[in-house]
Amino acid sequence: MTAGHHATRRTARTAAVVLGLTGGLLGGNGLLGSGAARADNGIDTLSARRIAERSRDALLSVDSLRVTARGDLGDGRPAKSLDVVLDRSGNCVGSVRLGGGQGSARIVKHGDEVWVKPDSDFWKSQVPDGGAAFAAILNGRYLRAPASDPRLRPLTEGCDPVVFGQLAGDVAHQDPAGLRKAPRTTLDGAPVIPLTSTREGRTWTTYVAATGRPYPVRITVHGGGADAVVDLSGFGKPVPSATPPPDRTYDINALLDRSSVPT
């Protein structure tokens, strides 16, 4: 198995496990945003390998972006989905939907603190013997904890700045001999160049913007039981800075110290 396959599978798995969609995937601006028309960037004339390299470099040039993902990786677990805005400092705002009726959670991470707001289905599925009590105690408030708290790591790992490097590895594919360039097409109304490779019965496709900066705007994997999509947008747009107010939060240690719901 190639290093490229390991990197790509790890990125897709991280995206699918950690965060989830809440409403529209990309808001009203589409994958490549709105506003004035962007100039053609000339990648049509390049080889697949050169397009992949330029797309990787464009991605690595930004300090923040929006990542959304949805689908099934064919590993026998419920399909999961994500929507998160993150930056290289580890700040992020997003949400997680676990799939299979296991619930969802809203996540805000800034600096050394993280706030998580699970729904009732999350508590029921993750803490069968006490989740209902926890949900009642929180009563719609965010759970507050240090960002380093290992108990929340499965939810917050998608905020890790390493995601940038993982995505860049996916874009480069690490296997130039098997990388193919398809004809220009459109994605959400904007021109893109698809780059495709096939490994172990799965087809991986990266859609690269053909106007403006050659950002990778979508990565898909199909076949071998997998059917997943990762969309990238909001390149360089900062993570929202607002955090939940104190009266809408509850300390994680105080919650775990509670043995019953107050009357």
Side-chain angles (χ1 to χ4, degrees), residues 1-16 26 30-33 37-71 73-74 82 86-88 158 160-236:
M1 185 178 295
T2 66
H5 177 84
H6 281 300
T8 308
R9 184 173 179 82
R10 181 175 65 253
T11 301
R13 185 180 301 277
T14 298
L26 298 171
L31 287 168
L32 300 180
R38 293 173 170 81
D40 192 293
N41 57 29
I43 63 171
D44 303 60
T45 63
L46 302 179
S47 68
R49 180 176 183 178
R50 288 291 295 142
I51 294 173
E53 290 172 348
R54 290 200 179 184
S55 186
R56 175 200 61 203
D57 293 345
L59 176 60
L60 290 177
S61 73
V62 300
D63 291 326
S64 58
L65 77 161
R66 186 177 186 178
V67 181
T68 67
R70 59 199 183 277
L73 291 175
L82 76 81
L86 73 158
D87 64 24
R88 291 184 180 277
D160 196 316
V162 75
V163 168
F164 279 85
Q166 291 177 341
L167 288 169
D170 287 358
V171 171
H173 282 280
Q174 310 267 333
D175 184 18
L179 191 60
R180 302 180 301 277
K181 179 178 73 172
R184 176 190 286 229
T185 185
T186 59
L187 186 63
D188 196 37
V192 293
I193 303 295
L195 303 178
T196 301
S197 64
T198 301
R199 298 186 294 275
E200 298 187 346
R202 293 185 174 185
T203 299
W204 302 82
T205 303
T206 299
Y207 296 84
V208 181
T211 58
R213 295 294 302 276
Y215 292 122
V217 294
R218 176 170 291 176
I219 301 171
T220 66
V221 55
H222 300 292
D227 185 11
V229 178
V230 178
D231 285 328
L232 310 178
S233 64
F235 302 98

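Since we're looking at a predicted model, the values are computed, not measured.
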Value for CG (L179) from CD1 (I51), rounded to nearest 0.5 Å, stands at 8.5 Å

Determine, for R56 against E53, whether the closest basic-nitrogen to carboxylate-oxygen distance falls under 4.0 angstrom.
no

I43 vs R184 side-chain heavy atoms within contact, under 4.5 Å:
no

Are any side-chain N or O atoms of N41 and backbone N or O atoms of A209, one a donor and one an acceptor, separated by less than 3.5 Å?
yes

Distance check, rounded to the nearest 0.5 Å: R202 atom CZ versus D227 atom CG?
10.5 Å

Here the pair of heavy atoms bringing A58 nearest to R213 is CA-NH2, 3.5 Å

May I ask you to check whether R199 and S197 show a side-chain donor-acceptor distance below 3.5 Å?
yes

So L195 and W204, do their side chains get closer than 4.5 Å, heavy atoms only?
no

Any donor-acceptor pair under 3.5 Å linking the side chain of S55 with the backbone of P214?
yes

Distance check, rounded to the nearest 0.5 Å: T68 atom OG1 versus L232 atom CG?
7.5 Å

I need the H222 NE2 to T203 OG1 distance, nearest 0.5 Å.
8.5 Å

Between K181 and D44, is the salt bridge (charged side-chain N to carboxylate O under 4.0 Å, His left out) condition met? List the steps.
CA-CA 9 Å; K181 179 178 73 172; D44 303 60; over 6 Å; no

Heavy atoms, side chains only, cut-off 4.5 Å: are Y215 and L65 in contact?
no

Are D231 and R66 close enough for a salt bridge, meaning some N to O gap below 4.0 Å?
no

